[in-house]
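Have a look at the structure below, then the notes.
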Amino acid sequence: MDKIDALDRNILRIITKNARTPFKDVAEECGVSRAAIHQRVNKMFENGAIVGSGFQVNAKMLGYNLCVFIGLTLEKGSMYKAVAAELEKIPEIVEAHFTLGAYSMVIKMYAKDDQDLMRLLNSRIQEIEGVTNTETLTCLDQRINRTLPID
């Protein structure tokens with residue numbers, strides 16, 4: 001990944017606050033042309049400085065009333081790629097991380113209700129070869145959801 005310069009950092013500061021900011025406004029604030037902003041943003045996508053874009057959807061509006069974090073213990077840590085491939089087939093799982101510490105992996109998942117959670121745990125996750133144990137933490141409220149500060 002290429003280093004990003006001061007202009008790139010300024011662009012990132014603006015668009016991470018509001019991804020819908022028109023490029024003409026970003027260009028005006030940065031003191032460069034709109035074409036320069038387009039080129040810089042495209043380059044940051046290409047070199048991996050920006051990873052993804054889009055809108056976040058309120059899961060509750062789709063009927064998913066439970067957000068849970070699940071710690072997975074694997075039979076062997078080396079199984080994480082195969083387990084991750086199986087977890088990827090479960091659309092309710094929105095994040096999966098290979099970790100050090102108490103769990104081999106930690107996933108973030110949404111469920112519609114307790115019955116749906118039980119179905120996902122018992123019939124899907126715990127049936128994956130290599131998963132030996134799960135521990136579920138239920139999220140009651142989310143207070144912080146942000147990107148890293150751009151210095």
Side-chain angles (χ1 to χ4, degrees), residues 1-30 32 34-74 80-128 131 134-151:
M1 179 177 4
D2 298 338
K3 294 270 185 184
I4 58 173
D5 63 16
L7 176 57
D8 291 335
R9 287 180 184 281
N10 199 21
I11 293 167
L12 288 172
R13 265 189 222 94
I14 296 165
I15 65 176
T16 56
K17 286 180 188 165
N18 181 359
R20 296 179 68 181
T21 303
F23 280 180
K24 71 175 185 57
D25 294 349
V26 177
E28 193 174 291
E29 191 169 333
C30 292
V32 297
R34 192 170 15 184
I37 299 300
H38 278 280
Q39 290 171 346
R40 291 293 187 116
V41 169
N42 286 337
K43 183 179 176 190
M44 286 189 279
F45 271 112
E46 290 170 11
N47 72 17
I50 298 175
V51 289
S53 64
F55 297 98
Q56 291 184 348
V57 177
N58 181 341
K60 290 186 182 208
M61 298 298 286
L62 299 175
Y64 291 92
N65 295 305
L66 291 175
C67 174
V68 297
F69 294 89
I70 302 171
L72 304 177
T73 304
L74 303 184
Y80 83 94
K81 287 182 183 178
V83 171
E86 292 301 312
L87 293 171
E88 197 167 358
K89 296 175 184 176
I90 303 170
E92 293 87 351
I93 296 174
V94 296
E95 292 182 24
H97 304 270
F98 185 50
T99 60
L100 295 173
Y103 307 109
S104 307
M105 298 182 79
V106 174
I107 63 174
K108 179 179 179 182
M109 183 178 78
Y110 289 93
K112 294 185 179 199
D113 53 32
D114 292 341
Q115 302 311 107
D116 192 35
L117 176 61
M118 190 166 75
R119 175 189 65 81
L120 289 163
L121 280 168
N122 293 343
S123 301
R124 302 291 305 272
I125 296 168
Q126 293 170 345
E127 293 295 318
I128 296 171
V131 174
T134 62
E135 183 173 350
T136 304
L137 304 165
T138 302
C139 178
L140 298 176
D141 189 26
Q142 179 180 338
R143 288 290 155 167
I144 299 172
N145 183 14
R146 62 181 172 213
T147 61
L148 288 170
I150 313 296
D151 295 330

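On a predicted model such as this, the values are computed, not experimentally measured, just so you know. For the single chain, residues carry numbers from 1 onward in sequence order.
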- Message: side-chain contact (heavy atoms from CB on, under 4.5 Å) for Leu74 and Val131? Distances and angles first, verdict last.
- Response: CA-CA 5 Å; Leu74 303 184; Val131 174; 4.0 Å; yes
Could you give the distance from [atom1] ([X]) to [atom2] ([Y]), rounded to the nearest 0.5 Å?
{"X": "Glu127", "Y": "Leu121", "atom1": "CD", "atom2": "CG", "answer": "11.5 Å"}
{"X": "Ile107", "Y": "Leu87", "atom1": "CD1", "atom2": "CG", "answer": "5.5 Å"}
{"X": "Asp25", "Y": "Ile15", "atom1": "CG", "atom2": "CD1", "answer": "13.0 Å"}
{"X": "Asn42", "Y": "Ile50", "atom1": "CG", "atom2": "CD1", "answer": "8.5 Å"}
{"X": "Thr134", "Y": "Leu120", "atom1": "OG1", "atom2": "CG", "answer": "11.5 Å"}
{"X": "Ile93", "Y": "Ile90", "atom1": "CD1", "atom2": "CD1", "answer": "4.0 Å"}

- Message: Looking at Asp5 and Lys3, is any side-chain nitrogen of the basic one under 4.0 Å from a carboxylate oxygen of the acidic one?
- Response: no
By side-chain hydrogen bond (donor to acceptor under 3.5 Å, both in side chains), which residues pair with [X], not counting sequence neighbours?
{"X": "Glu46", "answer": "none"}
{"X": "Asp116", "answer": "Arg119"}
{"X": "Glu92", "answer": "none"}
{"X": "Tyr80", "answer": "none"}

- Would Lys43 and Asp8 count as a side-chain contact (heavy atoms from CB on, under 4.5 Å) if you check the C-alpha gap in whole Å, the side-chain angles of each, and the deciding distance to 0.1 Å? CA-CA 10 Å; Lys43 183 179 176 190; Asp8 291 335; 5.8 Å; no
- Side chains of Gln56 and Asn145: donor-acceptor distance under 3.5 Å anywhere? yes
- Message: Under the rule for salt bridge (Lys or Arg N to Asp or Glu O under 4.0 Å), what residues qualify as partners of Asp151, not counting sequence neighbours?
- Response: none
Considering only distance and modelled atom types, tabulate donor-acceptor pairs under 3.5 Å from the side chains of residues 16-23, sequence neighbours left out.
unit_1 : atom_1 : unit_2 : atom_2 : d
Thr16  : OG1    : Leu12  : O      : 2.7
Thr16  : OG1    : Arg13  : O      : 3.4
Asn18  : OD1    : Arg20  : N      : 2.9
Thr21  : OG1    : Asn18  : O      : 2.8

Considering all heavy atoms of both residues, which atom of [X] and which atom of [Y] are nearest to each other, and what is their separation?
{"X": "Glu29", "Y": "Asn10", "value": "O-ND2, 4.5 Å"}
{"X": "Lys108", "Y": "Cys67", "value": "CE-SG, 3.7 Å"}
{"X": "Ala102", "Y": "Thr73", "value": "O-OG1, 4.3 Å"}

- All ring-ring contact (aromatic ring centres under 6.0 Å, His included) counterparts of Tyr110, not counting sequence neighbours: none
- Message: Within a 6.0 Å radius of atom CD on Glu28, are there more than 12 heavy atoms belonging to other residues, nucleotides or ligands?
- Response: no
- Among all residues two or more places apart in sequence or in another chain, which pass the side chain to side chain contact (heavy atoms under 4.5 Å, CB included) test with Lys89? Glu86, Arg124
- Message: Holding to side chain to side chain contact (heavy atoms under 4.5 Å, CB included), I want the full list of residues that pass it with Glu88, two or more places apart in sequence or in another chain.
- Response: none
- Pairs touching residues 96-107 that satisfy side-chain hydrogen bond (donor to acceptor under 3.5 Å, both in side chains), sequence neighbours left out: Glu95-His97, Tyr103-Glu135
- Task: List the steps, then state whether side-chain contact (heavy atoms from CB on, under 4.5 Å) holds for Cys30 with Leu7.
- Result: CA-CA 7 Å; Cys30 292; Leu7 176 57; 3.8 Å; yes
Can you list, pair by pair, the side-chain donor-acceptor contacts under 3.5 Å of residues 57-66, counting residues two or more places apart and other chains?
unit_1 : atom_1 : unit_2 : atom_2 : d
Asn58  : OD1    : Lys60  : N      : 2.9
Asn65  : ND2    : Lys112 : O      : 3.3

- Query: Is there side-chain contact between Met109 and Ile125, with heavy atoms separated by less than 4.5 Å?
  - Reply: yes
